[in-house]
Protein chains: 2
Amino acid sequence: MHDLLFDFISKYISLTDDEKNAIVSLDVFRSFKKGAALLKEGQKSNDGYFVLKGCIRTYYIIGGDEKTTAFYTEMEALTPHCVINKAPSEYYISCVEDTILIVSNPDMEAEMFSKFPKFESLCRILAEEFLAKQQINFDEFKTSSPEQRYLNLLQKRPDLIQRVPQHQLASYLGIKPQSLSRLRARILEKDKG
Amino acid sequence: MHDLLFDFISKYISLTDDEKNAIVSLDVFRSFKKGAALLKEGQKSNDGYFVLKGCIRTYYIIGGDEKTTAFYTEMEALTPHCVINKAPSEYYISCVEDTILIVSNPDMEAEMFSKFPKFESLCRILAEEFLAKQQINFDEFKTSSPEQRYLNLLQKRPDLIQRVPQHQLASYLGIKPQSLSRLRARILEKDKG
DNA sequence: GTCATTTCTTAACTTAAGTGAACGTATTTA
DNA sequence: TAAATACGTTCACTTAAGTTAAGAAATGAC
């Protein structure tokens with residue numbers, strides 16, 4: 001379990017045994033059951049998440065129905081907006097599967113950063129990297145049709161299509177569940193013809 | 001000009017005169033004319049940008065036409081994807097108006113970070129903040145119709161609608177210029193009725 | 001100032017997504 | 001186990017975006 005994390009970190013910076021021990025001793029590894037709620041609309045929280053195993057999603061409830069906007073899987077990090085702007089959360093976060101997370105908070109991070117400045121470098125690099133990736137995702141979303149977005153997802157994150165219910169995928173693709181059904185039927189029809 | 005920058009930074013961290021001088025002596029302030037190209041598809045570059053005054057945009061050329069995906073205005077930073085992944089750029093960057101930028105690169109940043117670790121904190125905080133903001137933008141985009149997105153933009157960045165040509169706004173909203181024209185006519189019609 | 005180009009709008013037609021409803025099939029849970 | 005709920009698909013209909021084309025208005029170049 002810890003090795004998963006350290007292998008990942010080693011791609012960016014090298015850690016001494018001291019530093020590894022410091023992380024482990026923070027005791028931040030947490031397990032959650034499928035469906036568990038991590039954050040609800042209106043709540044304030046300081047918790048940031050890093051997915052070691054499993055899958056979590058963010059969703060809004062708009063006009064009574066769920067709009068899933070993001071999925072975070074292995075080695076992806078999420079700092080909810082409410083942690084940054086210190087306001088009640090606009091959205092929900094819950095577990096799509098049984099999930100193991102690192103749960104951190106700003107105080108803990110500040111302490112780690114002052115003890116081991118290297119960690120702040122790591123966080124900066126990860127944030128910049130994820131930001132650039134996120135921008136590309138957004139660009140692709142804007143410049144393609146729902147059908148293209150689905151086909152793109154099929155290429156880039158085929159696991160998601162297996163792991164996640166259709167109606168959650170639909171809003172992730174910016175459409176209604178019925179439209180996703182139809183669109184998939186359309187694609188199958190094309191492949192046949 | 002420098003005050004613009006220092007006032008902005010002072011919201012996050014406090015700088016000594018030494019540190020301010022270090023920034024100024026880097027000599028990173030650059031002026032560009034409207035329409036100037038900062039980066040082209042296929043080019044490699046290490047330059048990151050911070051907008052002091054003016055407006056720049058990123059765009060792709062897909063099937064022969066421009067797809068504008070982002071605008072950066074005063075006090076917004078852009079580290080192009082090609083700087084992060086060290087590959088040729090997928091997109092273009094150019095100036096929408098006469099613009100004054102800070103142009104930085106990883107070597108320069110590394111030097112500043114080691115001399116003044118505070119700058120790395122600043123960059124981490126800005127990246128995390130921008131990432132959370134970006135996520136909210138993306139969420140809003142996914143969960144709304146083109147018309148809602150236009151109305152939303154009218155609320156949140158009314159300046160853009162003045163500063164930027166319609167056809168660039170259209171792709172920024174994820175639609176064709178004709179659809180934006182029609183959509184605006186539809187809104188005007190509603191307001192009248 | 002004139003010409004050429006780009007930008008914006010309008011219109012008619014095509015295509016695909018939204019909507020509301022029905023139905024079969026899991027999955028829960030009492 | 002039975003009833004209830006949630007999920008995915010299909011259908012008919014509505015609405016809005018894409019496409020193609022044409023023309024008016026603004027901008028830029030010479």
Side-chain angles (χ1 to χ4, degrees), chain A residues 33-37 57 59 61-68 92 94-98 141-154 160-193, chain B residues 33-37 55 57 59 61-68 71 92 94-98 141-154 160-193:
Chain A
K33 284 278 163 205
K34 175 175 173 176
R57 70 182 173 117
Y59 64 97
I61 293 189
I62 299 176
D65 34 43
E66 284 186 10
K67 307 272 189 180
T68 298
Y92 297 77
S94 78
C95 298
V96 174
E97 307 170 344
D98 289 357
F141 193 94
K142 277 183 185 166
T143 57
S144 29
S145 66
E147 183 172 327
Q148 288 172 316
R149 298 201 284 259
Y150 176 77
L151 292 170
N152 195 31
L153 193 67
L154 216 50
L160 270 193
I161 290 165
Q162 303 307 320
R163 295 168 91 163
V164 163
Q166 297 292 321
H167 67 284
Q168 290 176 15
L169 271 183
S171 46
Y172 182 68
L173 293 170
I175 58 177
K176 304 284 155 176
Q178 298 93 314
S179 297
L180 179 53
S181 264
R182 179 167 43 197
L183 174 162
R184 298 177 71 202
R186 201 163 62 220
I187 290 171
L188 279 178
E189 202 49 44
K190 277 184 203 164
D191 283 357
K192 244 191 291 179
Chain B
K33 284 278 163 204
K34 175 175 175 175
C55 178
R57 70 180 174 116
Y59 63 98
I61 294 188
I62 298 176
D65 34 41
E66 285 187 11
K67 307 269 188 181
T68 297
F71 298 101
Y92 297 76
S94 79
C95 298
V96 174
E97 307 170 344
D98 290 358
F141 194 95
K142 278 184 183 166
T143 57
S144 30
S145 66
E147 183 171 329
Q148 288 172 317
R149 297 201 285 258
Y150 176 77
L151 292 170
N152 193 30
L153 193 68
L154 216 50
L160 270 193
I161 289 165
Q162 303 307 318
R163 296 167 93 164
V164 162
Q166 297 291 321
H167 66 284
Q168 291 176 12
L169 272 185
S171 45
Y172 182 68
L173 293 170
I175 57 177
K176 306 281 153 175
Q178 298 91 318
S179 297
L180 179 55
S181 265
R182 179 168 42 194
L183 175 162
R184 298 177 71 200
R186 201 163 61 219
I187 291 169
L188 278 177
E189 202 49 43
K190 278 184 201 163
D191 283 356
K192 244 192 288 176

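Chain letters run A, B, ... following the sequence lines, proteins first and then strands; every chain starts at 1.
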Quick one: [X] [atom1] to [N] [atom2], roughly how many Å, whole number?
| X | N | atom1 | atom2 | result |
| --- | --- | --- | --- | --- |
| B:Q162 | C:dC8 | CD | P | 12 Å |
| B:Q168 | C:dC8 | CD | C1' | 13 Å |
| A:D65 | D:dC7 | CG | C1' | 14 Å |
| A:R186 | D:dT9 | CZ | C1' | 15 Å |
| B:Y150 | D:dA16 | OH | C1' | 17 Å |
| B:L173 | D:dA17 | CG | P | 11 Å |
| A:I161 | D:dG8 | CD1 | C1' | 15 Å |
| A:E66 | D:dC7 | CD | C1' | 12 Å |

Cationic N near anionic O, under 4.0 Å, A:K34 to A:D98
no
Sugar-phosphate only, base, or nothing, as touched by A:R182 at under 4.0 Å among non-hydrogen atoms
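The answer is base, as A:R182 lies within the cut-off (heavy atoms under 4.0 Å) of a base atom.
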A:H167 vs D:dA6: side-chain N/O to OP1/OP2 distance below 4.0 Å
no
OP1 or OP2 of C:dC8 less than 4.0 angstrom from a side-chain nitrogen or oxygen of B:S181, does that happen here?
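For C:dC8, OP1/OP2 do not have a side-chain N/O of B:S181 under 4.0 Å.
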Any side-chain heavy-atom pair from B:R184 and B:L180 closer than 4.5 angstrom?
yes
Has the side chain of B:S171 got a donor or acceptor atom that lies under 3.5 Å from a matching backbone atom of B:T68?
yes
Backbone N or O of B:P165 within a donor-acceptor pair of the B:Q168 side chain at under 3.5 Å?
no
Selected nucleotide, minimal atom distance to [X] side chain, candidates [options]:
| X | options | result |
| --- | --- | --- |
| A:Q166 | C:dG18, C:dC8, D:dG8 | D:dG8 |
| A:S179 | C:dT9, D:dG18, C:dG18 | C:dG18 |
| B:L183 | C:dG18, C:dG20, D:dA17 | D:dA17 |
| A:K176 | C:dG18, C:dT10, D:dA17 | C:dG18 |

More 5' along DNA chain C: A:P146 or A:Q178, using each one's nearest nucleotide?
A:P146
5'-most contact on DNA chain C: A:I175 or B:R184, nearest heavy atom basis?
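Its nearest nucleotide lies further toward 5', so the answer is B:R184.
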In terms of ring plane angle, is the pair A:Y59 and A:Y92 parallel, tilted or perpendicular, where the classes change at 30° and 60°?
parallel
